[in-house]
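Structure first, then comments.
Keep in mind that this is a model prediction, so the values were computed, not measured.
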Amino acid sequence: DDLGEIAGQNVALALFEFGKVQEAVDEARKLLRRDPRFYDARCALSAFLYAAGSTGDAEREWEALQNDGVGATLYPRKDAGAVARVRNRWPPRAT
């Protein structure tokens with residue numbers, strides 16, 4: 001259900017904001033197992049992994065997002081479109 005996914009995403013973002021990076025990664029992965037096309041979760045997971053120093057995993061998640069037409073439209077590479085999309089919706093550390 002969409003509200004449950006949004007709540008889970010907010011939990012992951014809060015965990016990340018408070019420095020609980022692995023827990024945020026785990027929550028995002030759990031959300032993606034339920035819905036692989038939950039684009040916000042995939043974008044967030046990429047940010048969480050990058051912050052954790054797992055750049056290879058972060059890049060794979062980002063590429064998965066970019067290789068999906070809808071994901072690439074929602075989170076474009078060009079002109080920092082992904083950051084612009086989440087600014088003021090996500091906590092500062094995640095952007």
Side-chain angles (χ1 to χ4, degrees):
D1 109 300
D2 289 345
L3 290 178
E5 287 181 347
I6 292 168
Q9 178 66 8
N10 287 339
V11 167
L13 289 166
L15 289 166
F16 184 72
E17 184 68 16
F18 288 101
K20 297 182 177 191
V21 178
Q22 189 55 53
E23 291 175 52
V25 166
D26 293 344
E27 184 67 27
R29 284 187 171 145
K30 181 172 73 174
L31 291 165
L32 287 166
R33 275 192 300 277
R34 282 190 233 146
D35 181 1
R37 296 188 79 192
F38 186 6
Y39 303 111
D40 252 13
R42 189 160 311 277
C43 187
L45 178 58
S46 182
F48 301 160
L49 290 167
Y50 186 79
S54 299
T55 54
D57 290 336
E59 288 172 6
R60 277 188 287 284
E61 292 299 333
W62 182 253
E63 287 304 315
L65 184 67
Q66 294 301 305
N67 289 332
D68 181 298
V70 175
T73 299
L74 292 173
Y75 296 97
R77 294 176 200 253
K78 191 173 184 178
D79 301 324
V83 174
R85 179 168 171 78
V86 300
R87 188 176 289 127
N88 299 321
R89 286 192 316 120
W90 285 10
R93 186 163 183 245
T95 58

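- Remark: Glu63 engages Arg77 in a salt bridge (charged side-chain N to carboxylate O under 4.0 Å, His left out) (not counting sequence neighbours).
- Of all non-hydrogen atoms in Ala41 and Ala28, the two that sit nearest each other are O-CB, 4.1 Å.
- Qualifying salt bridge (charged side-chain N to carboxylate O under 4.0 Å, His left out) partners for Asp35, counting only residues two or more places apart in sequence or in other chains: none.
- Within the structure, no pair that satisfies the side-chain hydrogen bond (donor to acceptor under 3.5 Å, both in side chains) test touches residues 43-54, not counting sequence neighbours.
- By the 4.5 Å heavy-atom criterion applied to side chains, Glu23 and Phe16 are not counted as neighbours.
- For the side-chain hydrogen bond (donor to acceptor under 3.5 Å, both in side chains) with Glu61, the lone residue among Gln66, Arg42, Arg29 that qualifies is Arg42.
- The distance from the CZ atom of Phe48 to the CD atom of Glu27 is 9.0 Å, given to the nearest 0.5 Å.
- Leu31 and Gly8 get closest at one heavy-atom pair: CD1-C, 3.6 Å.
- Residues Leu65 and Trp62 are in side-chain contact: their nearest non-hydrogen atoms beyond the backbone lie under 4.5 Å apart.
- Partners of Asp26 under the side-chain hydrogen bond (donor to acceptor under 3.5 Å, both in side chains) rule, at least two apart in sequence or in another chain, are Gln22.
- For Arg34, there are no salt bridge (charged side-chain N to carboxylate O under 4.0 Å, His left out) partners at least two apart in sequence or on another chain.
- Residues that satisfy the side-chain hydrogen bond (donor to acceptor under 3.5 Å, both in side chains) test with Arg37, not counting sequence neighbours, are Tyr39, Asp68.
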